[in-house]
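Chain letters run A, B, ... following the sequence lines, proteins first, then strands; residues in each count from 1.
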Amino acid sequence: MSYNHLEIEKKWQEYWQKHQTFYTDVHDFSKPKYYALDMFPYPSGVGLHAGHPEGYTATDIICRKKRMEGYNVLHPMGFDSFGLPAEQYAIATGNHPASFTEKNIETFRQQLKMLGFSYDWSKEISTCDPSFYKWTQWIFKKLFEANLAKCIEMPVNWCEALGTVLANDEVIDGKSERGNHPVVRKMMKQWVIDIVAYAEKLLEGLEEIDWPESTKEMQRNWIGKSQGAIIHFKVNNSVEQFDVFSTRPDTLFGATFCVLAPEHPLVDTITTQEYRDAVKEYKEYASLKSDIERNDTTKEKTGVFTGAYAINPVNQKLIPIWISDYVLLSYGSGAVMAVPAHDQRDYEFAKTFHLDIIPVIEGDISTQANSNDGVYINSEFLNGMHKEQAISAMIEYLQQRKLGYPKVNYRLREWIFARQRYWGEPIPVILVDGREYVTLKDEDLPLILPELKDYSPLNGQSPLSQASQWLHVSIDGKKGIRETSTMPGSAGSSWYFLRYIDPNNEHALADYDLLKHWLPVDLYIGGPEHAVGHLLYARMWNHFLYDQGVVPVKEPFKKLIHQGMILGANGIKMGKRFPEFVVDPNVIVKEYGADTLRIYEMFMGPLEASKPWNDQGVEASRKWLERVYRLVMEMDKLTDENDHKLDYIYNYTVKKVSEDIEQLSLNTAISQMMIFINECYKQDKIYKEYILNFIKMLSCFAPHLGEEMYHHLTNEATIAYQPWPEYDESKLVLEEIEIVIQINGKLRGKFKGSPNEQEDTLKQIALQHPSIQSYIEGKEIKKMFVIKGRVINIVV
RNA sequence: GGGGAUGUGGCGGAAUAGGUAGACGCAUCGGACUUAAAAUCCGGUGAUGGAAACAUCGUAAGGGUUCAAGUCCCUUCAUCCCCACCA
């Protein structure tokens with residue numbers, strides 16, 4: 001007989017819902033808290049994919065264990081529901097995106113429930129819900145008041161096809177992340193958030209959180225802190241001057257030319273008559289280049305001479321000023337001093353245009369790798385010094401003469417915070433008299449999206465610009481016009497985890513005392529694709545809200561895990577390219593059951609690794625669950641008397657499974673449960689207590705089956721809050737263990753002995769062991785190593 | 001170009017305070033049950049040689065440290081991910 005998973009799973013899902021089994025009273029501070037968070041999904045039209053249940057099952061397992069251990073567990077779910085697909089649906093059909101979104105959310109909600117996750121659905125949030133985005137707008141207002149949100153003229157990533165501006169992390173290789181449309185750079189007035197102001201805090205915060213080192217490193221690289229100096233260069237025969245940023249001011253004596261970005265404001269002013277045409281031509285050439293071409297670092301350096309010369313501030317030498325697109329306006333000061341002897345890019349440029357190369361550090365120039373050792377030459381007061389010494393000497397020199405100053409630069413850019421779209425949070429700002437930006441009053445929030453006839457973008461303007469009634473307002477008798485851009489998708493997701501704690505609060509984004517109790521999130525699981533986007537933005541908002549006294553902790557996510565990707569059976573990412581290898585979790589649940597899918601995905605391999613799908617593995621998981629079910633439900637072997645035969649394996653299993661779940665080593669936890677069941681099958685009688693405790697552990701992985709079997713044996717209402725089993729350390733000591741004899745490190749024999757045997761006794765047993773006699777006969781024993789309870793190594 | 005990670009049977013993967021490599025599962029082979037098949041239960045299964053006992057080899061490749069290396073160190077190769085002319 002095999003168990004009917006459809007019947008059992010339906011039965012328990014209904015039971016949990018009816019009895020609100022997983023409702024969390026957030027005000028109950030009597031128990032220790034545990035807050036486990038999943039990255040909430042974007043409710044697309046196609047429903048869950050095979051990757052969703054992976055991370056979600058992992059958090060569910062740990063939550064179920066924590067509940068049994070007596071924690072007050074917060075395990076919520078919600079929906080990141082603003083976004084492009086719903087908007088495109090609205091454009092195509094003329095229907096409001098909200099109904100489409102709600103329909104998709106309903107599908108997702110049903111699928112998530114079907115998988116047996118122990119979410120507290122009373123905490124559900126949705127970012128497109130006005131009662132939620134009221135607070136997204138409120139945070140924006142706070143940022144505006146703190147001068148961290150502002151509207152500035154800046155170069156942006158403009159996507160013509162989508163009719164909107166995109167953030168840097170939404171652009172991949174010069175194409176839009178969504179839709180893969182070309183993206184160009186364009187100057188526009190934009191709402192931005194000054195995330196750079198938090199660069200240092202975001203770097204420091206990384207030190208105190210338990211995140212994968214690779215993710216921390218990615219964030220560090222994205223922030224890209226570099227220490228150096230600003231150096232002022234005067235233009236010869238001119239009143240003009242410009243600044244360069246350099247991390248190696250110590251090489252100033254080796255600067256043989258300067259390079260400005262083609263868009264640098266000074267270019268037109270300083271270019272001499274003779275070079276005007278060439279410069280103009282080059283500027284056009286550079287502006288037409290797509291990001292892809294500009295990113296191709298293998299290409300030849302290009303550039304033109306401006307005819308102007310700069311004066312090297314340390315030795316008054318005249319050095320030519322060039323322009324080239326390898327210098328970016330958006331980083332540093334948009335100008336560099338070129339030291340071809342010690343910088344690869346400058347070297348290539350100098351070689352291409354036959355410019356001077358003057359080494360200032362001893363060593364082999366051609367390798368370009370000599371800049372860290374060797375003493376300084378050709379550098380007057382730096383001669384004979386080493387790097388660190390030379391850097392401080394040069395900075396001191398520049399500072400004393402007001403020729404420059406130390407400076408820290410970040411690669412991180414402003415977070416572009418506006419999209420010319422409809423389906424996002426309206427930015428709660430009014431432009432009054434065409435000059436001054438005024439935010440809405442708190443009592444006027446949320447600013448709700450108006451209904452439109454047509455959701456298409458108009459001439460690169462947000463669809464909202466057509467809502468004339470909504471658009472025009474009057475403030476204190478002055479004419480005002482609302483901002484028509486909306487916030488990006490990353491807005492709501494930057495703080496949603498705070499709202500779960502207090503989702504219905506109408507007076508604050510969440511009650512401070514509740515936040516104080518529940519934060520930080522103890523465990524956050526989600527895909528590695530969010531390593532720098534969402535995870536950096538969410539940290540920044542949280543740091544900001546901490547500074548505002550709204551949130552009690554600096555870092556929101558104490559521990560972070562990335563689940564790996566579930567690949568198709570062909571070992572390639574599931575997707576449009578190989579539709580025949582795409583797995584629909586719905587189908588798996590219907591055919592094999594949610595418990596099977598959960599067990600299978602957890603048993604596939606380490607949570608963090610990418611793993612290929614295997615249908616036979618699903619089948620095997622199902623068979624194993626049936627094997628457990630048969631043992632418990634059919635075989636009349638359970639007794640109330642312990643014959644102690646399973647003592648060791650049972651206690652070891654409890655220990656191993658408990659520890660493995662803590663470390664999210666879920667594949668090995670399942671493997672140990674399999675070993676336990678295999679042992680049980682070898683017994684005539686099984687101590688019922690052991691099986692009951694085994695079911696508790698299994699119920700974290702396969703909750704429906706767990707409930708069913710536990711209910712069958714005990715008549716308890718639910719297993720969800722039964723105490724987690726403990727193990728008896730004394731039962732883990734075996735009376736007899738296998739000890740290995742090695743000769744020169746090679747396995748030559750084994751014997752059984754007590755783990756507590758004295759070293760000398762062990763040595764004697766080993767030396768007398770028959771299978772090693774031929775190896776030691778007539779040889780001098782030089783040394784013996786005894787590793788208690790494991791190995792004896794004889795060196796001859 | 002920079003950063004990060006990974007590399008173990010036919011397959012997914014176990015094993016790190018250095019101490020029996022290949023747990024567990026898949027696949028496969030055999031046995032039991034069956035008229036038969038499926039399902040189930042039990043057992044074998046890294047490679048090579050051998051009837052067997054056993055021997056030799058074996059964790060991407062090469063070197064090293066050590067009584068002992070999948071694990072530590074050096075060099076090389078391959079794959080994947082992220083960033084990328086960041087001065």
Side-chain angles (χ1 to χ4, degrees), chain A residues 1-2 168-169 172-173 212-222 224-226 228 244-249 251 259 261 294-299 301 324-328 330-339 342-346 348-349 409-413 528-529 531-532 562 564-565 569 571 600 603-606 608-621 623-624 626-627 630 665 667-675 677-678 681-682 738-750 771 782-796:
Chain A
M1 172 190 145
S2 65
N168 282 344
D169 62 284
I172 314 247
D173 290 334
E213 201 43 54
S214 59
T215 305
K216 288 192 191 180
E217 200 55 33
M218 248 188 251
Q219 293 214 342
R220 285 189 198 105
N221 291 341
W222 191 263
K225 179 179 183 174
S226 52
V244 306
F245 173 72
S246 173
T247 53
R248 296 298 305 276
T251 60
V259 186
R294 201 156 167 161
N295 279 342
D296 182 6
T297 56
T298 56
K299 70 169 201 289
K301 291 277 181 291
S324 171
D325 64 358
Y326 85 87
V327 175
L328 309 172
S330 50
Y331 183 77
S333 55
V336 302
M337 64 178 213
V339 185
H342 303 293
D343 180 279
Q344 185 66 39
R345 293 151 306 179
D346 299 343
E348 285 165 15
F349 195 83
N409 245 325
Y410 300 96
R411 218 188 51 132
L412 189 64
R413 304 290 157 76
E529 67 274 18
V532 283
H562 295 302
M565 202 185 307
Y600 171 64
F603 187 60
M604 286 172 92
E608 288 101 324
S610 295
K611 307 151 280 232
W613 187 266
N614 179 354
D615 284 327
Q616 282 172 328
V618 182
E619 186 78 40
S621 300
K623 283 182 180 175
W624 183 69
E626 287 179 356
R627 184 171 155 91
R630 268 195 306 277
S665 178
N667 53 332
T668 53
I670 293 172
S671 140
Q672 186 57 41
M673 290 193 287
M674 287 172 169
I675 293 170
I677 288 300
N678 289 346
Y681 264 88
K682 288 176 192 158
E738 197 175 58
I739 295 167
V740 164
I741 311 170
Q742 297 180 329
I743 308 288
N744 295 334
K746 280 200 171 170
L747 173 74
R748 297 299 182 190
K750 296 173 183 178
S771 62
K782 290 183 186 135
K783 235 176 174 177
M784 281 180 81
F785 294 84
V786 179
I787 309 300
K788 245 186 157 183
R790 281 184 188 261
V791 170
I792 298 163
N793 191 13
I794 303 169
V795 185
V796 294

Polar-atom pairs under 3.5 Å, protein N or O versus N or O of nucleotides 6-15 of chain B: list them with distances, or write none.
residue, atom, partner, partner atom, Å
G12(B), O2', Met604(A), O, 2.7
A14(B), OP1, Asn667(A), ND2, 3.1

Q: Determine: side-chain N/O of Arg748(A) to OP1/OP2 of A55(B), distance under 4.0 Å, yes or no.
A: yes
**Q.** Where the chi angle of G9(B) falls, syn if within 90° of 0 and anti if not
**A.** syn
Q) Should the pair Tyr331(A) and Phe245(A) be assigned to parallel (<30°), tilted (30 to 60°) or perpendicular (>60°) ring geometry? A) perpendicular
Q) If the C1' atom of G58(B) is compared with that of G22(B), how far apart are they to the nearest Å? A) 11 Å
(Q) Say we look at A60(B) and A52(B): how far apart would their P atoms be, to the nearest angstrom? (A) 30 Å
Q: In whole angstrom, give me the gap between the C1' atoms of U59(B) and G18(B).
A: 15 Å
Q: Rounded to whole angstrom, note down the P distance from G7(B) over to A15(B).
A: 12 Å
(Q) Distance check, C1' atoms only: C33(B) and C57(B), in whole angstrom units. (A) 41 Å
Q.
What's Arg627(A) touching, base or sugar-phosphate or nothing? Going by heavy atoms closer than 4.0 Å.
A. sugar-phosphate
Q) So what's the dot-bracket for RNA chain B: Watson-Crick or G-U pairs under 3.5 Å, [ ] if a pair crosses, | if it pairs off-strand? A) (((((((..(((......[....))).(((((.......))))).((((....))))..(((((..]....))))))))))))....
Restricting both atoms to N or O, compile the protein contacts to nucleotides 20-22 of chain B shorter than 3.5 Å, with distance only.
residue, atom, partner, partner atom, Å
U20(B), O2, Lys750(A), NZ, 3.3
U20(B), N3, Glu738(A), OE1, 3.2

Q | Whether over 12 other heavy atoms sit under 6.0 Å from Arg220(A) CZ | A | yes
Q. Phosphate oxygens OP1/OP2 of C57(B): is one of them under 4.0 Å from a side-chain N or O of Lys746(A)?
A. yes
Q | Side-chain N,O (Asn793(A)) to OP1/OP2 (U66(B)) below 4.0 Å | A | no
**Q.** P spacing across the pair A78(B) / C29(B), given as an integer number of angstrom
**A.** 39 Å
Q. When rounded to the nearest Å, what value does the distance between P atoms of G46(B) and G25(B) take?
A. 15 Å
Q.
Can you see if the side chain of Arg630(A) gets near the phosphate of C41(B) - specifically, an N or O under 4.0 Å from OP1 or OP2?
A. yes
Q) For Asn409(A), which contact category applies under a 4.0 Å heavy-atom criterion: base, sugar-phosphate, or nothing? A) nothing
